[in-house]
K.L.:
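The structure that follows is given in the form of structure tokens.
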Amino acid sequence: MKPVALVTGGTRGIGLGIARALQKDGFEIAACGMRPTCDIPDFFYCQCDVADGAAREKMLAAIRKKYSRLDVLVNNAGIAPKVRADILDATEESFEQLIATNLQGPYFLTQSVAKWMIEQRRGCIINVSSISATVASVNRGDYCISKAGVAMATQLWATRLGEFGIPVYEVRPGIIQTDMTAGVKEKYDKLIAGGLLVQPRWGLPEDVGKAVAALARGDFPYSTGQVVMVDGGLTVHRL
């Protein structure tokens with residue numbers, strides 16, 4: 001029986017790149033998103049807002065019914081702020097929405113999945129965060145804080161699940177070419193041309209997918225809690 005991976009937000013952008021990489025490695029793909037249906041025929045799709053606890057449990061019940069197993073959880077689903085507002089002006093509404101979707105939802109989805117993985121005595125959890133976990137952007141502080149929280153959640157879950165042999169990793173993408181970044185393409189084209197990155201190109205969803213697949217395959221069995229940077233060298237300290 002093929003192993004099963006759940007990729008949240010797995011039908012577009014980075015999530016789709018991850019799902020396709022895992023599929024290439026022989027995983028059955030369960031994916032969730034906000035849309036009622038998904039037109040990717042080889043995915044098992046569940047409509048689920050990860051910020052909604054009841055929706056998360058319904059999704060896991062559907063996956064258990066179909067596959068009776070879950071080998072990998074990829075917490076990828078996330079949102080950007082609707083308005084990039086200076087932290088002097090940003091609203092509580094935006095903050096609460098981002099924390100609920102980007103941090104609280106994945107945290108408690110991990111809690112539920114971890115109990116299932118302990119029960120089946122195997123599994124792997126991979127959190128997709130962002131360079132914004134440590135790189136400050138004062139026009140989207142809510143996003144940065146949510147991703148910093150994901151980074152700590154990775155450490156917490158790696159520590160808690162170590163005794164059960166369930167590794168937990170974090171993949172931290174940089175500037176990735178997706179629909180989410182389409183609105184700032186011109187800005188980053190100029191920055192990349194000006195030397196922002198060591199590797200002077202946009203990252204692609206498949207770049208993130210390859211990193212996640214290596215972790216899911218078990219290529220780093222003695223590295224739980226670690227961060228894999230997929231940022232073209234953006235965060236390398238240079239003189």
K.L.:
Could you walk me through whether Val74 and Ile18 pass the side chain to side chain contact (heavy atoms under 4.5 Å, CB included) test, one step at a time?
P.N.:
CA-CA 9 Å; Val74 182; Ile18 291 168; 4.1 Å; yes
K.L.:
Which ILVMFWY residues are connected to Leu191, directly or by a chain of links, through side-chain heavy atoms under 4.5 Å apart?
P.N.:
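Direct or chained contacts put Leu191 with Ile131, Val135, Ile175, Val184, Tyr188, Ile192, Leu196, Leu197, Trp202, Val227, Met229, Leu234.
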K.L.:
Looking only at heavy atoms, what is the nearest atom pair of Ala51 and Ala100, with distance?
P.N.:
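Here Ala51 and Ala100 meet closest at CB-O, 3.6 Å.
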K.L.:
In Å, rounded to the nearest 0.5 Å, how long is the span from OG1 of Thr110 to CZ of Arg56?
P.N.:
9.5 Å
K.L.:
So among Arg201, Gln199, Gln177, which one has a side chain to side chain donor-acceptor pair (under 3.5 Å) with Asp207?
P.N.:
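The side chain to side chain donor-acceptor pair (under 3.5 Å) with Asp207 is passed solely by Arg201 among Arg201, Gln199, Gln177.
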K.L.:
Distance-only, no hydrogens or angles: does the Tyr143 side chain make a donor-acceptor pair with backbone N or O of Ala133 under 3.5 Å?
P.N.:
no
K.L.:
Between Val212 and Val72, does a side chain to side chain contact (heavy atoms under 4.5 Å, CB included) hold up when you go through it step by step?
P.N.:
CA-CA 10 Å; Val212 171; Val72 174; 5.9 Å; no
K.L.:
Heavy-atom count around Glu119 CD within 6.0 Å, excluding the residue itself: above 12?
P.N.:
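More than 12 heavy atoms, drawn from other residues, nucleotides or ligands, come within 6.0 Å of this atom.
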K.L.:
With rounding to the nearest 0.5 angstrom, report the CD1 to CG distance, Ile145 to Asn102.
P.N.:
12.0 Å
K.L.:
Considering non-hydrogen atoms only, spot the tightest contact between Pro173 and Val128 and give its length.
P.N.:
CG-CG1, 3.8 Å
K.L.:
Can you list every side-chain hydrogen bond (donor to acceptor under 3.5 Å, both in side chains) pair that touches residues 6-33, not counting sequence neighbours?
P.N.:
Thr11-Arg35, Arg12-Asp179, Arg20-Gln23, Arg20-Asp42, Gln23-Asp42, Asp25-Arg217
K.L.:
Answer yes or no: are there more than 12 heavy-atom neighbours, outside Met180 itself, under 6.0 Å from its atom CE?
P.N.:
yes
K.L.:
Heavy atoms, side chains only, cut-off 4.5 Å: are Leu6 and Leu60 in contact?
P.N.:
yes
K.L.:
Using a strict 4.0 Å threshold on nitrogen-to-oxygen distance, state whether Asp71 and Arg69 make a salt bridge.
P.N.:
yes
K.L.:
Short question: side chain of Thr101, backbone of Ile79 - any donor-acceptor pair under 3.5 Å?
P.N.:
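Not confirmed, Thr101 side chain does not pair with Ile79 backbone.
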K.L.:
What do the steps show when you test Lys210 against Glu206 for salt bridge (charged side-chain N to carboxylate O under 4.0 Å, His left out), and what is the final call?
P.N.:
CA-CA 6 Å; Lys210 289 174 182 177; Glu206 50 262 43; over 6 Å; no
K.L.:
Evaluate Lys2 against Phe27 for side chain to side chain contact (heavy atoms under 4.5 Å, CB included), listing each step before the verdict.
P.N.:
CA-CA 6 Å; Lys2 288 183 177 182; Phe27 283 85; over 6 Å; no
K.L.:
Hey, any chance Leu161 and Val113 share a hydrophobic cluster, counting ILVMFWY side chains that come within less than 4.5 Å of each other, even indirectly?
P.N.:
yes
K.L.:
If I compare all heavy atoms of Gln111 with all of Trp157, which pair ends up nearest, and what's the gap?
P.N.:
CA-CH2, 3.6 Å
K.L.:
With no hydrogens and no angle check, just 3.5 Å: does a side-chain donor-acceptor pair link Arg172 and Ser130?
P.N.:
no
K.L.:
Kindly determine whether Ile125 and Met117 satisfy side chain to side chain contact (heavy atoms under 4.5 Å, CB included), including the steps that lead there.
P.N.:
CA-CA 10 Å; Ile125 297 167; Met117 289 179 172; 4.0 Å; yes
K.L.:
Could you state the interatomic distance from CD (Glu186) to NZ (Lys190), rounded to the nearest 0.5 Å?
P.N.:
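The CD atom of Glu186 sits 4.5 Å away from the NZ atom of Lys190.
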K.L.:
Does Ser94 reach the main-chain N or O of Thr91 with its side chain, forming a donor-acceptor pair under 3.5 Å?
P.N.:
no
K.L.:
Give a yes or no on whether Tyr45 and Leu16 share a hydrophobic cluster (residues Ile, Leu, Val, Met, Phe, Trp, Tyr; joining criterion: side-chain heavy atoms under 4.5 Å apart).
P.N.:
no
K.L.:
Could you tell me which non-hydrogen atom of Cys144 sits nearest to which non-hydrogen atom of Ser137, and how far apart they are?
P.N.:
SG-N, 3.6 Å
K.L.:
Please check if any side-chain donor atom of Asn75 sits under 3.5 Å from a side-chain acceptor atom of Asn127, or the reverse.
P.N.:
yes
K.L.:
Any donor-acceptor pair under 3.5 Å linking the side chain of Thr235 with the backbone of Asp231?
P.N.:
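No.
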K.L.:
If hydrophobic clusters are built from ILVMFWY residues whose side chains come within less than 4.5 Å, do Val7 and Val208 share one?
P.N.:
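They do share one cluster, since a chain of ILVMFWY contacts under 4.5 Å joins Val7 to Val208.
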K.L.:
Is there a donor-acceptor pair closer than 3.5 Å between any side-chain N or O of Tyr169 and the backbone N or O of Phe220?
P.N.:
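Pair found, side chain donor or acceptor close to backbone of Phe220.
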K.L.:
Atom SG of Cys32 and atom CG of Asn76: how far apart are they, to the nearest 0.5 Å?
P.N.:
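Separation between the atoms: 9.0 Å.
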K.L.:
CD1 of Ile118 to CZ of Phe164: how many Å apart, nearest 0.5 Å?
P.N.:
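Result: 4.0 Å between the selected atoms.
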K.L.:
Same hydrophobic cluster for Ile29 and Ile63, using side-chain heavy-atom links shorter than 4.5 Å among ILVMFWY?
P.N.:
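No, it is not one cluster - the side chains of Ile29 and Ile63 are not joined through contacts under 4.5 Å.
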K.L.:
Are side-chain heavy atoms of Met34 and Asp49 found at a separation under 4.5 Å?
P.N.:
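Yes, their side chains come closer than 4.5 Å.
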K.L.:
Specify the closest pair of heavy atoms between Ile166 and Cys124, including all atoms of both residues, with the distance to one decimal.
P.N.:
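So the two residues come closest at CG2-N, 4.2 Å.
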K.L.:
Treat each ILVMFWY residue as a node, draw an edge where side-chain heavy atoms are under 4.5 Å apart, and state whether Met59 and Val4 are in one component.
P.N.:
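Met59 and Val4: one cluster.
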K.L.:
Residues two or more places apart in sequence or in another chain: which of them pass salt bridge (Lys or Arg N to Asp or Glu O under 4.0 Å) with Lys58?
P.N.:
none
K.L.:
Restricting to non-hydrogen atoms, name the atom on Ala77 and the atom on Gly9 that form the minimum distance, rounded to 0.1 Å.
P.N.:
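Closest pair (atom of Ala77, atom of Gly9, distance): CB-N, 3.7 Å.
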K.L.:
State the OG-NZ distance between Ser129 and Lys147, to the nearest 0.5 angstrom.
P.N.:
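Ser129 atom OG to Lys147 atom NZ measures 6.5 Å (nearest 0.5 Å).
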K.L.:
Would the distance check show the side chain of Thr178 and the main-chain N or O of Ile14 forming a donor-acceptor pair, the cut-off being under 3.5 Å?
P.N.:
no
K.L.:
Considering only heavy atoms from C-beta outward, does the side chain of Leu156 approach that of Met152 to under 4.5 Å?
P.N.:
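Yes, close enough: below the 4.5 Å cut-off.
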K.L.:
Would you find a donor on one side and an acceptor on the other, under 3.5 Å apart, between the side chain of Gln47 and the backbone of Thr37?
P.N.:
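Such a contact is absent between Gln47 side chain and Thr37 backbone.
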